[in-house]
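Below: the structure, in structure tokens.
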Amino acid sequence: MANKIKVGVLGATGMVGQRYIKLLEDHPWFEVTYVAASPRSAGKLYKDAVSSRWLIGADIPAAVANLTVEDANDEKKALGKCQFVFSALEMGKDEIKALEAAYAAEGIPVVSNASANRWTEDVPMLVPEINYAHLDVIADQKKHHGWDKGFIAVKPNCSLQTYMMPLHALIMAGYPVKRMIVTTLQATSGAGYPGVPSFDMIDNIVPFIGGEEEKTEKECLKILGKVSDGKIVNSEYPKVSSTCTRVPVIDGHTACVSLEFDLPEDKKPSMEEIKKVWAAYKSVPQELDLPSAPAKPIVYREEENRPQPRRDRETEKGMACVIGRLRPCNVFDVKFVALSHNTKRGAALGGILNAELLKAKGFFDNL
């Protein structure tokens, strides 16, 4: 692409913001031209604002290093400097919600990693392979607010990426799921920086992550829902029971999942049929050949001791759901272990894939 779309990053000095900066360094469609953060970073060159806390393990991209950090609270600063923004804001939910709306009101679309608007009825919460049709609600969102060019789209909680695609693949193949039990083993990077104190994580597992179980049990219902009368109506099924834990792993969320199908016994899929469904699974991001889309969204490992975070989180450049240990369940029908990269598919690279889908569907054409 000769003329790349100019993008901004809100919360650019934080952990997720830094990941956006690095992942966008050589992006074929997007170019970072604007960075914004808290008032204490405003006015500094980006390289100086993050000099003592650059966490990505590679050099700061040269094209961004000398950009001046602006105050993210002043949405008008972005006018004329970028065409849309990625939001990696780290503030209170009410503050984020108001600020993202302020950018949209100025005609600047917001592709958000934050949780503040996930439950807003006219805001799509996207996993591009699953609920790409939810983009239809953006026209209603703009009408509701009187926005011309601006809008808001968000991504779900990082742990959902671990099992939503295999769940969706089965539903789309005609195997609806009635109930599901999920136990997540979530990496420390999911807590941000500096995250969980080392004294709590070394030689330990923390069996509670605030708010995660509610997100795990409810966000999937919005993702599987339908657009109706200008809002997204949640699906009724599956009913989900979750336990969310923090484990001493840096990157890569794991989930142990048990499923009960909403089918008569003679209509339920065999283990081999399930594997075939997962192997064949592709969707709109693959059809459109989006730059960040994995060629194989679901990868099944036959080894009895896989997936493992250190060995499997980078599969398909960190964008695949890696599954293993599919077997019968004595309580429900089947159970398996799934893994996804929480700071790539579950965070910044997932947000970039959302933006690629929006671009491919024409939502940035008139910016």
Side-chain angles (χ1 to χ4, degrees), residues 16 111-120 123-134 153-172 177 179-187 189-192 209-225 232 234-247 249 251-259 278 281 283 285 292-294 297-299 307 309 313 315-316 318-323 336-354 357:
V16 175
V111 180
S112 183
N113 194 77
S115 64
N117 274 300
R118 288 179 186 159
W119 287 107
T120 306
V123 172
M125 181 166 60
L126 295 170
V127 179
E129 284 87 352
I130 300 174
N131 60 336
Y132 48 85
H134 286 190
V154 304
K155 60 167 294 303
N157 185 46
C158 54
S159 66
L160 270 73
Q161 317 290 331
T162 308
Y163 54 84
M164 281 304 299
M165 285 195 293
L167 177 65
H168 180 249
L170 292 169
I171 293 170
M172 294 304 293
V177 175
R179 293 190 293 177
M180 180 168 69
I181 296 176
V182 179
T183 300
T184 66
L185 295 83
Q186 297 182 212
S189 57
I209 308 173
E212 288 291 300
E213 289 169 3
E214 180 182 18
K215 295 173 188 176
T216 300
E217 293 173 355
K218 294 183 177 181
E219 286 187 16
C220 61
L221 301 179
K222 182 175 181 180
I223 293 168
L224 295 172
I232 300 168
N234 292 352
S235 173
E236 185 177 356
Y237 291 102
K239 303 295 185 183
V240 182
S241 176
S242 71
T243 301
C244 296
T245 71
R246 188 74 71 192
V247 297
V249 169
D251 288 322
H253 286 353
T254 302
C256 300
V257 183
S258 294
L259 300 179
W278 287 341
Y281 182 70
S283 188
S292 300
I298 300 173
V299 175
R313 62 192 169 208
T315 302
E316 292 282 343
M319 290 296 282
C321 174
V322 185
I323 307 176
F336 58 90
V337 178
L339 169 75
S340 69
H341 199 307
N342 59 297
T343 66
K344 290 187 176 179
R345 167 60 89 157
L349 199 50
I352 292 169
L353 183 61
N354 284 351
L357 178 64

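Just so it is clear, the structure is predicted and the values come from calculations on it, not from any experiment. We count residues from 1, following the sequence as given.
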When rounded to the nearest 0.5 angstrom, what distance separates [atom1] in [X] from [atom2] in [Y]?
X      : Y      : atom1 : atom2 : result
Ile209 : Thr184 : CD1   : OG1   : 5.5 Å
Leu185 : Thr162 : CG    : OG1   : 10.0 Å
Glu213 : Ser242 : CD    : OG    : 4.5 Å
Asn354 : Ile352 : CG    : CD1   : 10.0 Å
Leu160 : Lys222 : CG    : NZ    : 12.5 Å
Ser340 : Ile298 : OG    : CD1   : 12.0 Å

Heavy-atom side-chain contact between [X] and [Y] under 4.5 Å:
X      : Y      : result
Val322 : Arg313 : no
Leu126 : Tyr132 : no
Gln186 : Thr254 : no
Tyr237 : Val177 : no
Ser241 : Met180 : no
Val337 : Pro307 : yes
Leu349 : Met319 : yes
Leu221 : Pro238 : yes

From Asn131, Val127, Ile171, residue fulfilling side chain to side chain contact (heavy atoms under 4.5 Å, CB included) relative to Leu224
Ile171

Start with the C-alpha gap between Ser283 and Ile130, add the side-chain angles, then the distance that decides, and say whether side chain to side chain contact (heavy atoms under 4.5 Å, CB included) holds.
CA-CA 8 Å; Ser283 188; Ile130 300 174; over 6 Å; no

Minimum heavy-atom separation for [X] and [Y], please, with both atom names.
X      : Y      : result
Arg345 : Lys155 : O-CE, 4.1 Å
Leu353 : Ala293 : CD1-N, 3.8 Å
Cys244 : Thr216 : SG-OG1, 3.5 Å
Asn342 : Gly252 : OD1-N, 2.6 Å
Met125 : Ile223 : O-CG1, 3.8 Å
Cys158 : Gly346 : CB-O, 3.4 Å

List the residues meeting ring-ring contact (aromatic ring centres under 6.0 Å, His included) with Phe336, not counting sequence neighbours, and say none if there are none.
Trp278

Let's go through Trp119 and Asn234 carefully: what are the C-alpha distance in whole Å and the side-chain angles of both, what is the deciding distance for side chain to side chain contact (heavy atoms under 4.5 Å, CB included) to 0.1 Å, and is it a yes or a no?
CA-CA 10 Å; Trp119 287 107; Asn234 292 352; 3.6 Å; yes

With no hydrogens and no angle check, is any side-chain donor or acceptor of His134 less than 3.5 Å from a backbone partner on Pro124?
no

Hey, is the main chain of Pro297 close enough, under 3.5 Å, to the side chain of Glu129 for a donor-acceptor pair?
no

CA sep, side-chain torsions, deciding dist, call: Lys215, Ser159, side chain to side chain contact (heavy atoms under 4.5 Å, CB included)
CA-CA 9 Å; Lys215 295 173 188 176; Ser159 66; 6.0 Å; no

Let's go through Glu217 and Lys239 carefully: what are the C-alpha distance in whole Å and the side-chain angles of both, what is the deciding distance for side chain to side chain contact (heavy atoms under 4.5 Å, CB included) to 0.1 Å, and is it a yes or a no?
CA-CA 8 Å; Glu217 293 173 355; Lys239 303 295 185 183; over 6 Å; no

